[in-house]
Undergrad: 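Here you go, one structure.
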Amino acid sequence: MTPLALLPFDGPLSADLRAAGVEVLTGPLAVLRRELLVPRGLGRLARELARMQPALRRLLAAQRIDIVHANTSVLLGLRHAAPRLVTHVREIYPPMPVAWPAHRRAILRADRVLCVSGAVRAALEPAGDHVRVVHDGLAVDARRAPRATARVALGLPREGFVVAVLGRISGWKGQDVLARALAEPPLAERGAIGLVAGDAWPGQERHEQRLRALAGELGLGQRLQLAGFRDDVDAVYGAADVVVVPSTQPDPLPNSALEAAAAGCCLVAAAHGGLPEIVHDHRTGRLVAPGDHRALATVLAGLADDPDARERLGAAAAADVRRRFAAETLARRIEAIYEEIVQKDDRRPFL
């Protein structure tokens with residue numbers, strides 16, 4: 001049976017899937033994201049669902065689909081359209097009154113619910129045995145470019161302590177926490193430089209504007225550099241002495257942390273969400289209290305003075321993450337769940 005992928009639009013993922021022999025269709029999909037969990041957003045979501053469901057039912061019937069695997073942010077409206085439904089939860093949604101209980105019930109009606117971290121599963125409690133933790137696998141073979149070459153490519157000084165944060169600039173990814181940490185005496189005295197690799201989502205440019213304004217208020221000058229989107233992440237890893245993931249809200253299982261650790265970077269992360277499932281404090285990286293820029297500054301200053309510790313933690317992280325989050329492990333677990341559903345669930349015939 002040929003696998004079929006339904007995506008909201010064409011992009012790099014479409015080409016990768018087709019190259020792997022997957023049939024790809026594109027069409028309007030209703031996807032629940034954090035920014036939609038407001039009255040206006042929920043109204044928009046309801047309209048998208050009403051528009052999507054009839055077409056999706058026809059597609060599933062025409063294609064004789066055995067299992068629907070709803071991936072990325074939770075795609076809604078599938079319970080009565082799919083013969084067997086696997087819902088893959090990749091978000092920790094804020095527990096908003098009315099909206100969250102209804103959404104949680106919709107998630108738990110799937111035959112199997114896969115959570116990318118224990119933190120995601122905890123947000124769904126109470127949950128049954130059909131709710132499983134299945135950690136993501138590494139999607140890329142992350143590596144570090146040579147330090148000197150990487151710093152030239154990014155316009156960074158050859159020497160000096162550099163701390164990088166990778167990912168979209170948003171109101172909760174914590175780029176502002178790094179900026180405030182840089183202004184604290186332990187890092188200011190050492191001339192530490194912060195490198196922000198990433199930009200804001202289209203329409204969310206205000207977050208980058210606020211970060212630039214904060215850097216001005218703190219007098220950081222060239223000590224906070226916004227590099228924008230970079231596809232040469234190996235250069236970012238190579239240029240950085242430490243990579244930080246200072247999310248102020250619980251991050252489910254950020255790829256930025258997985259990939260930086262796999263590349264052998266010394267990682268400092270906020271101690272909530274799925275990050276403690278990636279980083280073991282003092283063994284494969286460091287954990288700090290979420291949103292505490294002073295604690296972050298203290299930990300970073302200690303690492304600035306101890307290159308041997310940075311090297312040890314980075315090497316341990318690479319070995320640990322490449323073992324526990326191997327893509328092959330993820331594929332085997334997903335295949336086993338598919339087989340389990342088909343073999344044990346004969347309540348509904350295939351379409």
Undergrad: Taking C-beta and beyond as the side chain, do Leu296 and Val299 meet within less than 4.5 Å on heavy atoms?
TA: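 The answer is no; the side chains never approach within 4.5 Å.
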
Undergrad: Less than 4.5 Å apart, side chain to side chain, heavy atoms only: is that true for Leu156 and Ile193?
TA: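 Counting from C-beta outward, Leu156 and Ile193 do come under 4.5 Å.
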
Undergrad: Thinking salt bridges, do Glu328 and Arg332 make one under a 4.0 Å N-O criterion?
TA: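 No, no charged N to carboxylate O under 4.0 Å.
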
Undergrad: Taking atom CD of Glu311 as the centre, report whether more than 12 heavy atoms of other residues, nucleotides or ligands fall under 6.0 Å from it.
TA: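 No, the 6.0 Å shell around CD holds no more than 12 heavy atoms from other groups.
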
Undergrad: For the pair Arg147 (side chain) and Arg158 (backbone), establish whether a donor and an acceptor sit closer than 3.5 Å, ignoring hydrogens and angles.
TA: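 Here the side-chain-to-backbone pair exists.
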
Undergrad: Can you tell me how far the CD1 atom of Ile337 sits from the CZ atom of Arg132, to the nearest 0.5 Å?
TA: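 With rounding to 0.5 Å, CD1 (Ile337) is 5.5 Å from CZ (Arg132).
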
Undergrad: First locate atom OG1 of Thr284, then atom CD1 of Ile278, and finally report the distance between them rounded to the nearest 0.5 Å.
TA: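 Those atoms lie 9.5 Å apart.
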
Undergrad: For the pair Arg143 (side chain) and Gly238 (backbone), establish whether a donor and an acceptor sit closer than 3.5 Å, ignoring hydrogens and angles.
TA: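 Checked: no pair found.
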
Undergrad: Measure the CG-NE2 distance between Leu218 and His293 for me, rounded to the nearest 0.5 Å.
TA: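 One finds 8.5 Å between CG of Leu218 and NE2 of His293.
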
Undergrad: Are side-chain heavy atoms of Leu300 and Val244 found at a separation under 4.5 Å?
TA: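 Yes, side chains in contact.
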
Undergrad: Under a 4.5 Å side-chain heavy-atom rule over Ile, Leu, Val, Met, Phe, Trp and Tyr, are Leu108 and Val133 clustered together?
TA: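 Per the 4.5 Å side-chain linkage, Leu108 and Val133 are not co-clustered.
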
Undergrad: Give the cluster check for Leu226 versus Val236: same hydrophobic cluster or not, with ILVMFWY residues linked at side-chain heavy-atom distances below 4.5 Å.
TA: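 Cluster IDs for Leu226 and Val236 differ.
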
Undergrad: Please report the closest heavy-atom contact between Ala317 and Cys265, naming both atoms and the distance.
TA: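 Ala317 and Cys265 have their closest heavy atoms at CB-O, 4.4 Å.
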
Undergrad: In terms of side-chain geometry, is the basic nitrogen of Arg18 or Glu23 positioned less than 4.0 Å from the acidic oxygen of its partner?
TA: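 No, this pair does not count.
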
Undergrad: Would you mind telling me which of Arg212, Glu208, Gln204, Gln209 makes a side chain to side chain contact (heavy atoms under 4.5 Å, CB included) with Ile169?
TA: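 So the option named by the test is Glu208.
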
Undergrad: Is there a continuous path of hydrophobic side-chain contacts, each under 4.5 Å between heavy atoms, that joins Val245 to Tyr237?
TA: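 Both belong to a single hydrophobic cluster.
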
Undergrad: Do you know which two heavy atoms are closest between Ala179 and Leu211, and how far apart they sit?
TA: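 For Ala179 and Leu211, the tightest heavy-atom pair comes out as CB-CD1, 4.2 Å.
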
Undergrad: Could you tell me whether the side chain of Cys115 reaches within less than 4.5 Å of the side chain of Leu124, counting heavy atoms only?
TA: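 Side-chain contact under 4.5 Å: yes.
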
Undergrad: Between Arg322 and Asp141, is there a salt bridge with N-O shorter than 4.0 Å?
TA: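 Looking at Asp141 and Arg322, the cut-off is met.
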
Undergrad: To the nearest 0.5 Å, tell me how far Glu339 CD sits from Ile334 CD1.
TA: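 Separation between the atoms: 12.0 Å.
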
Undergrad: Verify salt bridge (charged side-chain N to carboxylate O under 4.0 Å, His left out) between Asp176 and Arg210, making sure each step is shown before the conclusion.
TA: CA-CA 9 Å; Asp176 60 317; Arg210 289 172 183 167; over 6 Å; no

Undergrad: Check whether any side-chain heavy atom of Ile107 sits under 4.5 Å from a side-chain heavy atom of Arg109, and report yes or no.
TA: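 Not in contact.
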
Undergrad: Check the hydrophobic clustering (I, L, V, M, F, W, Y; side-chain heavy atoms under 4.5 Å; chains of links allowed) and say if Leu287 and Leu303 are grouped together.
TA: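 Leu287 and Leu303: separate clusters.
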
Undergrad: Hey, is the main chain of Gly174 close enough, under 3.5 Å, to the side chain of Thr248 for a donor-acceptor pair?
TA: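 Absent.
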
Undergrad: Could you check whether Lys173 pairs with Asp251 (Lys NZ or Arg NE/NH1/NH2 to Asp/Glu carboxylate O, under 4.0 Å)?
TA: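 Asp251 and Lys173: salt-bridged.
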
Undergrad: Using 0.5 Å steps for rounding, measure from the CD atom of Glu335 to the CZ atom of Arg333.
TA: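 It is 12.5 Å, given to the nearest 0.5 Å.
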
Undergrad: Between the side chain of Thr298 and the main-chain N/O of Arg294, is any donor-acceptor distance below 3.5 Å?
TA: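 Flag set: sc Thr298 to bb Arg294 pair under 3.5 Å.
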
Undergrad: Between Val113 and Val89, is there a side-chain heavy-atom distance shorter than 4.5 Å?
TA: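 Yes. Closest side-chain heavy atoms under 4.5 Å.
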
Undergrad: To the nearest 0.5 Å, tell me how far His282 NE2 sits from Arg312 CZ.
TA: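 Rounded to the nearest 0.5 Å, the NE2-CZ separation comes out at 9.5 Å.
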
Undergrad: Linking I/L/V/M/F/W/Y whenever any side-chain heavy atoms sit under 4.5 Å apart, do Leu275 and Leu166 land together?
TA: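 Yes, same cluster.
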
Undergrad: Could you tell me whether a side-chain N or O of Glu277 sits under 3.5 Å from a main-chain N or O of Gly118, the two making a donor and an acceptor?
TA: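 Yes; judged by distance alone, with no hydrogens or angles, the pair exists.
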
Undergrad: Where is the tightest heavy-atom contact between Leu154 and Gln225, given as atom of each residue plus distance?
TA: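 Nearest heavy atoms, Leu154 then Gln225: O-OE1, 4.3 Å.
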
Undergrad: If I compare all heavy atoms of Gly274 with all of Leu253, which pair ends up nearest, and what's the gap?
TA: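 Looks like O-CD1, 3.8 Å.
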
Undergrad: For the pair Thr329 and His135, evaluate side-chain contact (heavy atoms from CB on, under 4.5 Å) and give the outcome as yes or no after the intermediate values.
TA: CA-CA 9 Å; Thr329 301; His135 288 135; over 6 Å; no

Undergrad: Determine the interplanar angle of the Tyr338 and His69 rings, folded into 0 to 90°, and report it as parallel if under 30°, tilted if 30 to 60°, perpendicular if over 60°.
TA: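 Perpendicular: the ring planes of Tyr338 and His69 meet at over 60°.
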
Undergrad: Treating Arg190 as the side-chain partner and Pro186 as the backbone partner, does any N or O pair qualify as donor plus acceptor under 3.5 Å?
TA: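 At least one qualifying donor-acceptor pair exists.
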
Undergrad: When you measure from the side chain of Arg283 to the backbone N and O of Ala316, does any donor-acceptor pair fall under 3.5 Å?
TA: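 No: the side chain of Arg283 does not pair with the backbone of Ala316.
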
Undergrad: Test side-chain contact (heavy atoms from CB on, under 4.5 Å) on Cys266 and Val243; report intermediate values, then the result.
TA: CA-CA 6 Å; Cys266 178; Val243 171; over 6 Å; no

Undergrad: Considering non-hydrogen atoms only, spot the tightest contact between Val288 and Ala295 and give its length.
TA: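 That closest heavy-atom pairing would be CG1-O, 4.3 Å.
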
Undergrad: With side-chain contact (heavy atoms from CB on, under 4.5 Å) as the test, would you mind laying out the steps for Val140 and Glu259 before giving the verdict?
TA: CA-CA 7 Å; Val140 298; Glu259 292 170 9; 3.7 Å; yes

Undergrad: Taking atom CD of Glu125 as the centre, report whether more than 12 heavy atoms of other residues, nucleotides or ligands fall under 6.0 Å from it.
TA: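 Atom CD in Glu125 is crowded, with more than 12 foreign heavy atoms closer than 6.0 Å.
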
Undergrad: Answer whether the closest heavy-atom distance between the side chains of Asp241 and Arg310 falls below 4.5 Å.
TA: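 When only atoms from C-beta onward are counted, Arg310 and Asp241 do touch, with a gap below 4.5 Å.
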
Undergrad: Keeping the roles fixed (side chain from Arg121, backbone from Val131), state whether a donor-acceptor pair exists under 3.5 Å.
TA: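 Side chain of Arg121 to backbone of Val131: a pair is present.
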
Undergrad: Ignoring hydrogens and angles, tell me if any N or O in the side chain of Arg151 forms a donor-acceptor pair with the backbone of Pro157 under 3.5 Å.
TA: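 Answer holds: yes.
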
Undergrad: Other residues, nucleotides and ligands only: do more than 12 of their heavy atoms fall within 6.0 Å of CZ on Arg206?
TA: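 Yes, because the 6.0 Å sphere around CZ of Arg206 holds more than 12 heavy atoms from other groups.
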
Undergrad: List the steps and the verdict of salt bridge (charged side-chain N to carboxylate O under 4.0 Å, His left out) for Asp234 and Arg144.
TA: CA-CA 5 Å; Asp234 57 333; Arg144 303 181 76 187; over 6 Å; no

Undergrad: Where is the tightest heavy-atom contact between Ala235 and Ala150, given as atom of each residue plus distance?
TA: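 For Ala235 versus Ala150, the nearest heavy atoms are O-CB, 3.2 Å.
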
Undergrad: How far apart are the C-alpha atoms of Arg230 and Asp232, what are their side-chain angles, what is the distance that settles it, and do they pass the salt bridge (charged side-chain N to carboxylate O under 4.0 Å, His left out) test?
TA: CA-CA 5 Å; Arg230 305 285 305 199; Asp232 57 343; 2.8 Å; yes

Undergrad: Less than 4.5 Å apart, side chain to side chain, heavy atoms only: is that true for Leu114 and Val86?
TA: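 Contact flag for Leu114/Val86 side chains = yes.
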
Undergrad: Could you walk me through whether Ile67 and Val342 pass the side-chain contact (heavy atoms from CB on, under 4.5 Å) test, one step at a time?
TA: CA-CA 8 Å; Ile67 297 174; Val342 171; 3.8 Å; yes

Undergrad: Taking Asp111 for its side chain and Leu85 for its backbone only, find out whether a donor-acceptor pair lies under 3.5 Å.
TA: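 Pair found, side chain donor or acceptor close to backbone of Leu85.
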
